[in-house]
Amino acid sequence: MSIDPAAFEAYRRSAGERATLPRLIAGTLIIVIFWALSSLLVIVGGIFLVSRWQGGEAGMPDMASFSATPTGVLTVLASFCGIWIGAWIAMRLLHRERLSALFGNSRRISASGFCKGAVAVLLTSVVSEVLIYLLHPEIGRGAIGVSAWLAALVPIAALAFVQTSSEELLFRGYLPRGLAKRFRSPLVWALLPLIAFTALHWSPANSLAINICVMISIGAFAIVLTLLVYATGNLGAAFGAHLANNLFGFLLISHQQSFNAFALFTAPPLEGPGWTPLDAFLLSLIGIVSSGLTALLLLHPRSPLKVEADRG
C-alpha cells in the first residue's frame with residue numbers, strides 16, 4: 001500500500017516563503033497563548049457560574065469534579081476555540097495568508113474525506129470496544145436519560161468539532177505544513193507535532209502502565225491522522241476521523257471518570273483501579289490494531305472508503 005506524495009508536496013509548497021522557522025515558532029506561541037487564555041477564561045468562568053448557580057453553598061468545585069458534569073464537559077470543549085483564534089491571527093499577522101490555506105490544497109475542507117474518516121473510525125471504534133469488553137467485561141448504563149441525550153447531541157457534536165478540529169488545525173495543519181516547508185524529513189515535520197500532541201494526553205490520574213498504554217494508542221492514531229493529511233493534502237479526513245473518535249467516547253461508551261456526563265454507557269475508567277500491566281499491554285495492542293484497521297479502510301486502494309487526494 002503506497003501513498004502518492006504529490007498532494008502533500010503541493011500542500012507543503014503552498015506555505016510560501018514567509019513560513020520561516022522564527023515565524024513558525026512565533027505563530028505557535030501565539031496559538032498556545034490564545035489557547036491558554038481561552039481555557040482560563042472559559043473554564044474558570046464556567047466553574048464560577050456553576051458555583052453561583054448552586055448558591056455557593058458547596059464552594060468552588062475542583063476541575064476533576066467540574067469536568068464530570070454536563071456543564072463542565074461543554075465548557076472544556078468550548079475552551080479549545082482559542083486555537084482557532086490564535087491560528088487565524090498567526091496566519092494573517094505573520095504569514096500573510098488566509099486561515100483557509102491550512103485546510104488543504106483547495107483551501108476547503110474535503111466533505112467526502114471528512115465523511116469517510118468519520119465512518120471508518122466509527123467502524124473501528126466498535127471493533128475496539130468489543131475487544132476491550134472481552135478483556136474487561138464490565139459495562140453499565142450512564143447517568144443521562146435518553147431524552148436528555150438526544151437533546152445534547154447537537155451541542156456536544158458542535159463543541160466536539162471545535163475541540164477536535166482545532167487540534168487537527170494545529171498538529172496536522174499549521175505545524176507539519178510549516179515545518180515541511182523548511183525540513184524535508186518526516187522525522188521533523190511529522191514526528192515533532194506527533195510527540196507534542198501525544199504528550200498532551202499524559203494524565204497524572206493514570207498509573208504509569210496505563211499512561212504508557214494511552215501514549216502508544218494516541219500515538220498510533222496520530223500517525224494515521226498524519227498519513228491522511230500526507231495522502232490527501234487536506235485536513236478533511238483527519239477532521240472527520242478525530243471527531244468520530246471523540247464523539248464515540250463522549251456520547252456512546254466512556255472510559256473516563258470525567259467527561260462521561262453525556263455517555264449512554266460507561267466502562268471501567270482508565271483512571272480507576274484494577275488495570276494490570278498486562279491489561280495495559282493488551283489495551284495498547286488493541287489501540288494499534290484499531291488504528292491499523294482505520295488506515296486500511298481509508299488508504300487501501302480497494303477500500304470503498306479510500307480517501308482521494310486534494311489536487312487544488
Side-chain angles (χ1 to χ4, degrees), residues 8 11-47 63 67 75-105 107 109 159-204 211 214-215 218-219 221-223 225-226 228-230 233-235 238-239 242-243 246:
F8 185 78
Y11 185 59
R12 178 188 73 82
R13 289 181 176 177
S14 71
E17 292 306 315
R18 294 184 69 87
T20 62
L21 190 58
R23 283 192 175 96
L24 189 66
I25 293 172
T28 303
L29 287 175
I30 289 173
I31 294 171
V32 170
I33 288 171
F34 275 88
W35 184 8
L37 287 174
S38 66
S39 298
L40 180 65
L41 292 174
V42 173
I43 294 175
V44 172
I47 292 175
M63 186 59 198
S67 62
T75 301
V76 172
L77 294 179
S79 70
F80 283 80
C81 67
I83 295 179
W84 276 97
I85 297 170
W88 178 80
I89 292 173
M91 291 295 287
R92 298 295 290 184
L93 183 65
L94 299 178
H95 303 287
R96 298 292 191 268
E97 290 186 277
R98 293 183 180 275
L99 182 63
S100 59
L102 296 178
F103 296 168
N105 294 327
R107 302 195 170 222
I109 295 299
L159 290 176
F161 177 77
V162 171
Q163 179 239 332
T164 56
S165 64
S166 66
E167 292 182 345
E168 293 307 304
L169 191 74
L170 175 59
F171 294 108
R172 250 70 64 183
Y174 183 76
L175 288 174
R177 178 176 179 259
L179 288 171
K181 179 67 178 180
R182 296 298 165 190
F183 305 96
R184 300 302 298 271
S185 172
L187 293 178
V188 178
W189 63 259
L191 185 60
L192 291 181
L194 187 148
I195 291 173
F197 174 76
T198 303
L200 288 173
H201 293 79
W202 181 278
S203 172
N211 261 324
V214 170
M215 295 297 102
I218 295 293
F221 187 54
I223 289 172
L225 296 175
T226 303
L228 292 176
V229 177
Y230 183 77
N234 193 284
L235 295 180
F239 270 26
H242 198 164
L243 177 63
N246 285 24

J.: To the nearest 0.5 Å, what is the distance between CH2 on Trp35 and CG on Leu40?
T.: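 Going from CH2 on Trp35 over to CG on Leu40, the span is 14.5 Å.
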
J.: Got a donor-acceptor contact below 3.5 angstrom from the Arg172 side chain to the Leu169 backbone?
T.: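 Not at all, since once roles are kept as given, no pair shorter than 3.5 Å links the two residues.
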
J.: So, for Ser203 and Asn211, which heavy atoms are closest and what is the spacing to 0.1 Å?
T.: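 Minimum heavy-atom separation between Ser203 and Asn211: O-ND2, 2.7 Å.
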
J.: How far does OG1 of Thr20 sit from CG of Leu94, to the nearest 0.5 angstrom?
T.: 8.5 Å

J.: Quick one: pull up NE2 in His95 and CD in Glu17 and give me the separation to the nearest 0.5 Å.
T.: 13.0 Å

J.: Run the side chain to side chain contact (heavy atoms under 4.5 Å, CB included) check on Arg184 and Arg12 step by step: do they pass?
T.: CA-CA 9 Å; Arg184 300 302 298 271; Arg12 178 188 73 82; 3.7 Å; yes

J.: On a heavy-atom basis, which atom in Leu187 and which in Leu191 lie closest, and how many Å separate them?
T.: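 Closest approach of Leu187 to Leu191: O-CB, 3.1 Å.
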
J.: Would you name the heavy atoms of Lys181 and Gly16 that are closest together and state the gap between them?
T.: CE-O, 3.4 Å

J.: Could you measure the distance from the CH2 atom of Trp189 to the CZ atom of Phe183? Nearest 0.5 Å is fine.
T.: 13.5 Å

J.: For Phe197, check ring-ring contact (aromatic ring centres under 6.0 Å, His included) against everything at least two apart and list the hits.
T.: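 Phe197 satisfies ring-ring contact (aromatic ring centres under 6.0 Å, His included) with Phe171, His201, His242 once adjacent residues are dropped.
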
J.: Please verify the inter-ring angle class for Phe161 with Phe239; under 30° counts as parallel, over 60° as perpendicular, anything in between as tilted.
T.: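 If you compare the ring of Phe161 with that of Phe239, the planes turn out perpendicular.
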
J.: Let me see the working for Asn234 and Asn105 under side chain to side chain contact (heavy atoms under 4.5 Å, CB included), right down to the final yes or no.
T.: CA-CA 6 Å; Asn234 193 284; Asn105 294 327; over 6 Å; no

J.: Of all heavy-atom pairs between Arg23 and Tyr174, which one has the smallest distance, and what is that distance?
T.: O-OH, 3.6 Å

J.: So how far is it from Leu159 CG to Thr164 OG1, rounded to the nearest 0.5 Å?
T.: 10.5 Å

J.: Determine, stepwise, if the pair Leu24 / Leu179 fulfils side chain to side chain contact (heavy atoms under 4.5 Å, CB included).
T.: CA-CA 8 Å; Leu24 189 66; Leu179 288 171; 3.5 Å; yes

J.: Hey, are the side chains of Val162 and Leu77 touching, using non-hydrogen atoms and a 4.5 Å cut-off?
T.: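 In short, these two side chains do not touch, never coming nearer than 4.5 Å.
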
J.: Which value, rounded to the nearest 0.5 Å, describes the distance between Ile218 atom CD1 and Trp202 atom CH2?
T.: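 If we round to the nearest 0.5 Å, Ile218:CD1 and Trp202:CH2 are 13.5 Å apart.
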
J.: Between Leu102 and Leu235, which heavy-atom pair has the shortest distance, and what is it?
T.: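 What the structure gives for the nearest pair is O-CD1, 3.2 Å.
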
J.: A quick test of your reading: do over 12 heavy atoms of other residues, nucleotides or ligands sit less than 6.0 Å from CZ of Arg98?
T.: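 No, not enclosed.
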
J.: Show the atom names and distances, to 0.1 Å, of all donor-acceptor pairs under 3.5 Å that link a side chain in residues 78-88 to residues at least two apart or in another chain.
T.:
unit_1: Ser79; atom_1: OG; unit_2: Val76; atom_2: O; d: 2.5
unit_1: Trp84; atom_1: NE1; unit_2: Ser165; atom_2: OG; d: 3.1

J.: Identify the two heavy atoms, one from Leu228 and one from Ala238, that lie closest to each other, and give their separation to 0.1 Å.
T.: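 For Leu228 versus Ala238, the nearest heavy atoms are CD1-N, 4.2 Å.
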
J.: Measure from the side-chain N and O atoms of Ser14 to the backbone N and O of Tyr11, and report whether any donor-acceptor pair falls under 3.5 Å.
T.: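 Yes.
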
